[in-house]
**Student:** 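Here it is, the structure in full.
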Amino acid sequence: MMLAADIAPAVDIVGALAAAATTRLGAAGIETARLDAEVLLAQACGIDRTTLYASWRRAVPGGCRARFDALLTRRLAREPLQYIVGRQEFWSLDFAVSSAVLIPRPETELLIELVLRVLARTSGLLPDARSLAKGPCSLRLCDVGTGSGCIAVALAHELADATVWAFDLSAAALTVAASNVQRHHVAERVHLVHSDLFAAAGDLCFDAIVSNPPYIRSDALGRLQPELAWEPTHALDGGASGLDVIERLVTQSPPRLRPGGWLIMEIGADQGDAVEQLAHAAGFRAVSIAPDYAGHPRALVARKA
Ligand code: GLN
């Protein structure tokens with residue numbers, strides 16, 4: 001009698017493995033099943049996705065199958081793809097990530113655009129923010145809750161004359177941020193500081209404070225997609241109202257800003273009115289809420305008098 005094992009192919013074919021994994025990931029409720037299967041298989045084989053496609057009908061090299069199964073098991077447990085492969089793109093730059101840091105989100109790129117826009121406008125004579133790099137006086141920027149360092153690195157990358165102080169209360173996050181600062185060759189201009197908001201800031205004052213603070217309401221956290229459970233709670237949890245850290249940040253920012261300086265901060269789509277009020281109460285003038293590309297309120301833009 002012939003057993004199933006006897007008629008099963010002796011080797012694993014790349015395309016067949018990818019298809020089977022896509023089915024399993026899809027059945028587990030993962031919307032990006034096909035993409036994830038391909039990324040993980042390429043990772044297991046140590047190749048990029050283009051090379052994977054070129055090898056579609058070939059046998060997987062020895063050792064890949066076991067590595068792929070291990071990666072697939074992690075993804076089926078809803079561990080984010082970015083933690084499994086250890087990287088995420090932000091502002092077209094490649095960032096190392098681990099479960100010690102929030103995974104950079106595309107909507108956070110809006111903060112970088114807004115900073116470049118307000119600094120260009122503030123400088124008046126300069127046609128665009130990049131020109132500030134050639135200006136005589138250097139900009140002092142601050143990234144509160146830097147996590148992977150994505151905001152601080154992107155700003156230092158865009159503004160060659162800026163110095164960025166990047167604060168985080170997590171020492172483990174600062175280790176990841178340090179690797180990204182090195183990777184993008186901005187270590188001379190990005191200072192990583194272990195600090196709860198401005199606690200360790202001494203008497204520093206900034207031209208702009210930028211932050212993507214935790215702003216999800218505690219009771220909503222468990223109802224969102226399962227991948228969020230893998231990310232650091234302190235990077236997401238904004239307390240009972242979602243506004244705990246936002247309120248502290250808005251209140252503590254004015255004394256940390258030079259006259260005419262800016263606070264640019266990501267917010268939840270339903271927090272625009274509340275955050276606008278907080279900013280007015282803290283004494284900011286020219287307060288506005290900027291929408292993201294989906295049209296949702298996404299960032300506070302507030303200027304100190
Ligand atoms: N500044 C980092 C980012 O956006 C981390 C933010 C956080 O941990 N809340 O993505």
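Ligands are counted one by one from 1 in listed order, and the atoms in each one are counted from 1 as well.
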**Student:** Given side chains that start at C-beta, do those of Glu231 and Tyr83 come closer than 4.5 Å, heavy atoms only?
**Tutor:** yes
**Student:** For atom 5 (C) of ligand 1, what's the nearest protein heavy-atom neighbour? Residue, atom name and distance, please.
**Tutor:** Gly145 O, 3.4 Å
**Student:** Salt-bridged, Arg75 to Glu79, with N to O below 4.0 Å?
**Tutor:** no
**Student:** What orientation do Trp165 and His191 show, parallel under 30°, tilted 30 to 60°, or perpendicular over 60°?
**Tutor:** tilted
**Student:** Have a look at Pro104, Ala235, Ala152 and point out the one with the heavy atom closest to atom 8 (O) of ligand 1.
**Tutor:** Ala235
**Student:** Which bit of Cys150 gets closer than 4.0 Å to ligand 1, counting heavy atoms only: side chain, backbone, both or neither?
**Tutor:** side chain
**Student:** Given Val210, Asp168, Ile151, Thr146, identify the one with the heavy atom nearest to atom 2 (C) of ligand 1.
**Tutor:** Thr146
**Student:** Which side-chain N or O atoms in residues 16-27 pair as donor and acceptor under 3.5 Å with protein atoms at least two apart or in another chain?
**Tutor:**
unit_1	atom_1	unit_2	atom_2	d
Thr22	OG1	Ala18	O	2.7
Thr23	OG1	Ala19	O	3.0

**Student:** Under 4.5 Å between any side-chain heavy atoms of Leu169 and His234, yes or no?
**Tutor:** yes
**Student:** Examine the proximity of ligand 1 to Leu102 and report which part, side chain or backbone, both or neither, has a heavy atom under 4.0 Å away.
**Tutor:** side chain
**Student:** Students should be able to answer this: which protein heavy-atom is nearest to atom 4 (O) of ligand 1, and at what distance?
**Tutor:** Asn212 ND2, 3.0 Å
**Student:** Tell me the contacting part of Val101 for ligand 1: side chain, backbone, both, or neither, using a 4.0 Å heavy-atom threshold, strictly below.
**Tutor:** neither
**Student:** Would Arg189 and Glu158 count as a salt bridge (Lys or Arg N to Asp or Glu O under 4.0 Å) if you check the C-alpha gap in whole Å, the side-chain angles of each, and the deciding distance to 0.1 Å?
**Tutor:** CA-CA 12 Å; Arg189 294 184 294 111; Glu158 287 298 321; over 6 Å; no
